[in-house]
Number of protein chains: 4
Amino acid sequence: VAKLYQIGVVGFSGYSGAELVRILSRHPNAELVLLEHRSESPEDWSVNGDRLKRRPLAPEKLKNSGLDMLLLATAPEISMDLVPAAFSAGIKVVDLSGAFRLRTADNFQRWYGFEHKRPDLLAEAVYGLPEFFRSVTKVARLVSNPGCYPTAANLALRPLVMGGVLDHKAGIICDAKSGVSGAGKKASGKTHFSSVAENLSAYAILTHRHVPEVLLTSDLEEREFSFTAQLLPVHRGILETIYARLRKGVTRKDIEEIYKKSYGKEPFVRVYPEGKFPSLQSVAYTNYCDLGIQLDAKTRRVVIVAAIDNLVKGAAGQAVQNMNLMLGLPETAALL
Amino acid sequence: VAKLYQIGVVGFSGYSGAELVRILSRHPNAELVLLEHRSESPEDWSVNGDRLKRRPLAPEKLKNSGLDMLLLATAPEISMDLVPAAFSAGIKVVDLSGAFRLRTADNFQRWYGFEHKRPDLLAEAVYGLPEFFRSVTKVARLVSNPGCYPTAANLALRPLVMGGVLDHKAGIICDAKSGVSGAGKKASGKTHFSSVAENLSAYAILTHRHVPEVLLTSDLEEREFSFTAQLLPVHRGILETIYARLRKGVTRKDIEEIYKKSYGKEPFVRVYPEGKFPSLQSVAYTNYCDLGIQLDAKTRRVVIVAAIDNLVKGAAGQAVQNMNLMLGLPETAALL
Amino acid sequence: VAKLYQIGVVGFSGYSGAELVRILSRHPNAELVLLEHRSESPEDWSVNGDRLKRRPLAPEKLKNSGLDMLLLATAPEISMDLVPAAFSAGIKVVDLSGAFRLRTADNFQRWYGFEHKRPDLLAEAVYGLPEFFRSVTKVARLVSNPGCYPTAANLALRPLVMGGVLDHKAGIICDAKSGVSGAGKKASGKTHFSSVAENLSAYAILTHRHVPEVLLTSDLEEREFSFTAQLLPVHRGILETIYARLRKGVTRKDIEEIYKKSYGKEPFVRVYPEGKFPSLQSVAYTNYCDLGIQLDAKTRRVVIVAAIDNLVKGAAGQAVQNMNLMLGLPETAALL
Amino acid sequence: VAKLYQIGVVGFSGYSGAELVRILSRHPNAELVLLEHRSESPEDWSVNGDRLKRRPLAPEKLKNSGLDMLLLATAPEISMDLVPAAFSAGIKVVDLSGAFRLRTADNFQRWYGFEHKRPDLLAEAVYGLPEFFRSVTKVARLVSNPGCYPTAANLALRPLVMGGVLDHKAGIICDAKSGVSGAGKKASGKTHFSSVAENLSAYAILTHRHVPEVLLTSDLEEREFSFTAQLLPVHRGILETIYARLRKGVTRKDIEEIYKKSYGKEPFVRVYPEGKFPSLQSVAYTNYCDLGIQLDAKTRRVVIVAAIDNLVKGAAGQAVQNMNLMLGLPETAALL
């Protein structure tokens, strides 16, 4: 009989939280507990949810809750309160908010615009991109789940930067396009159907709080990296078109070998053969990050097209991948 | 009483052709004649069209047709036949195909993949981007209507290149996104609703037959310009996000002045104030090209967001603008 | 030179109001004045609007405003205040709200759920469905513009009811589907892109405040008419599939003659030939109401498919049609 | 260790076939074999599929193939050939085509428009709607998987008809709306993105080959049942709004009890409480059929809103449900 862990989900009525529920419902080792935070109304959860255990979230009673893991699909402010409460109760945490993604309180203040309540915990948090940080994730008690845009950007860029094949002086450009679920469930003029359908709009040009995650993880300097985010008329999915200049003499074969070395054994990164490129549909409802590569000799450009489902590899799927590692379960459980 | 010109439209059942009909139906000086080419079935035209004059296209009878102007929303191969026929009959032409956009038969062969039938006419064709070539358009008998992608790219780039503010060595990137109507009306797996909806796919990376129009018009070298085209789940509209590096010392004010000088009196180019960017909906069903500008001191990047309706400023609207110029009519007639 | 009327639009930043602006901008006899009501922010109106005259709405100063006509794209509560103010200033009104569509205060209270402030004006308001009430519209000072659903339903049903061909005992069913613009511009969970896209939901089953307009206009009793409204993932358009049972012996030819008699000379109602049915795209951005008819001998059913653009024939277009009649202008001005 | 069955899927590159693959990939007792029929190109199957077993379909070699079950997501003509071949090899079949849904060759000829090749097998085929025909499904060697529209219509109607609560004389109306995947993967003008998006069109009014399945299963006469099908701008999902008149004295409680008796223990039919109605999103990617009910005393109408995912409960999910029954596996395996 499979060992069962008690997994608490906070923020289950948001898009990422609902996706956690969808994925964990098929997890052979997870007993899911929905923890009601704030005033989630009965409307917030569908008929399906009626079969699921629900319990009010009482941070002060976490100690005897029997929970093995907390998954926080919450705002950063709330995660800052819940992480210490979980630690007091000896419960491990995967935090899907941005609260613990950066390394210093100053940097957090700069990009998020408010003060960090618990800078003492920043150093301990592991950045949960398993393809690079698997070993430390396994022993962490706090994993900070990466942002959706940086997940795709770092999986595309870090191997090339580490491989030393990019001409940094020419700059690196990430032109990102995201589905509406990336903007969250809150109703606003910007997410109104009639504003989004039959439209495409740029909403963050050269400034987005996800930028520093790319700089930190792919070891880039700020003056080297330009990022634009655009809102697509789709519900889920991110496609990033990334432009960089190669150092002289770098060939397609070099790039392919670098990626093969990085991802040849990775279960969730697929590198496409020459002439093929992923689309949003290639990865919808999966935990894959797909990469397509184009080289141009004349301009020495490499263009990488990276696609993920922002709610899966960009949020809930990657969180479950991290959870699996932290609990010693097969990394792909519930994700293939 | 307004003077009436007889305007013949060939290819009226395609997307660009239908848009020509829509626009010309409100033109105070145009009497529209639909010229039936090939086997356009009654199904090809809606109930609306019943009120419009239709006539079989007989190239050999153009002489006494009474037509003043032909608008060709046809394939390049067909335009190559019809333009000489129109000339023999003394009729002016705006050609919306790509047949006469490039300057040499060799370049045409390279980008379109087949031989040009009438290289002798290439030199005569005026490239119909009125913001730059208005004076020659007025006296032309053949105007080659620009491609949809180059219209936006050239309106964004040519003033900056001419103004000498770009650092060409760092390269210029145009990340373009287009609605499905840009791919034409032909049914295929790629335009099937279920392939396009809830999707975004890159379909031309670093190679597209529209590229040379940008090189020629904005005076760029091939090794300086990278272009990617992506298919959006919308019917109409193009948004291009263009990245370039500025020469040292260039300020936002410099850029604004360059654009003001170029477009301050243009009826169809709108430059947005700082912090504002156009979206597809900003220009849908209009002949505007809207430009938003972002500068970043650290990377010396300028990012220009350019939006047009691919069927209007990118095709039929610009064709009518050219027609207006060629016939001595107010340039904005039927377009505001 | 065309005579110019001063036309004031209140509520120009909503969907119907913006459509009024779009249509009136091309009206040869209308000088458009946007009247700012409440706190319409600069954000509420696009770059286009900058060329248009704007003025704060001051009900007490309407007298010397020079306005010839007010078009109210407002909530019923606001229309109830503005209509008397307009009357005091001698200005005619087309009201697009539901304030003056019903005949008695009691009926209004029942369907709208609050008390009518000016029941004294109900009797005077002409129900502005020009196909039936053209002659009284021409002399009215207050025209109540019909609701979007009833416009299509009444154009489909009233001729058949008047022609005596329906078996009322079997009941009449109207299964209506509407685009999101019908729900207005206000952001809510129900109009969030992710709630609407890839979805269809029924939101008013057997009860909708538009029902009494059909009962009154097509002379039906409540027990004879069932109405359901469903929300489509499109911005604009209404399609109604209407089911009724014919009296014995009624043929397709009878139905066609009834419609021909009603609509043979109408500029905005198109009856399709056998086997053809309208879709939303048939009427998008037009003032047409299109009707397709199917008969089934076995069930004695007649099915009528009625399509309109909810923002045009269902709102702003019909309002301009009424305005044209009230001002003695050609009925189709700005609408073809 | 779970017992493994070899399950062959023919037609795996179509929408229903791909959905079979998606569902069976998580089935604990299924070893999936993709059987290549005709010329399915490598393009027809995504990168995912590379991990799956593929084999050319050789009907004459089925005997020693080791297959336990064939799932046919094929055209009726092909199923007529493959079913006898499977029988010869002792292999059970679930056929997703319409080939074996009707009871007589004459009726098949009438609705499908061509002659049935194997009328001898019609009597043996079990109509695979498990909620009503579970016991015979368990012992069948050929199960004919129901059409998508009839699945929802019969689940809504059969209990009411059997319960004797409907006034048949007033007729029953089913107004059905379907996503584009119901029309199959073949590219055509009708499935072109630009024809479907921002549109709704009626494509089968009072005549659809799915009608006889409702008549046969819910015991209705042709003169009692009217059916209309409309094409929605979504990929997957069916919503049917069904209108019937109740016999005098029938109450909501009566209806609820009838449904409770029919579906109280069913794993895949959910009846909603008063005032709640399902939407396409309620059932997307699930095997549920959801029912919402509205009664109106004045008109004695009952309106039932029935929603399914056409590719799951309307095709592949129901096929797996039938397969589970035929192989003695838990009925819900891979479906919850």
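Here is how names work: the chains are called A, B, and so on, in the same order as the sequence lines, proteins then strands, and each is numbered from 1. When reading the values below, keep in mind they use all heavy atoms of this one structure, side chains included, and skip hydrogens, waters and symmetry mates.
Of all the listed residues (D/Pro233, D/Gly179, D/Ala183), the one sharing the greatest number of non-hydrogen pairs under 4.5 Å with chain B is D/Pro233.
Contacts of B/Lys186 with chain D are made by backbone atoms alone, with heavy-atom separations under 4.5 Å and no side-chain atom involved.
Scanning all heavy atoms of the two residues, the minimum distance from D/Val234 to B/Phe193 falls at C-CE2, 3.4 Å. Residues B/Gly189 and D/Ala187 share a closest heavy-atom pair of N-CB, 3.8 Å.
Distance check, rounded to the nearest 0.5 Å: NE2 of D/His235 to NE2 of B/His192 gives 8.5 Å. Here the CZ atom belonging to D/Arg236 is positioned 9.5 Å from the OG atom belonging to B/Ser194, to the nearest 0.5 angstrom.
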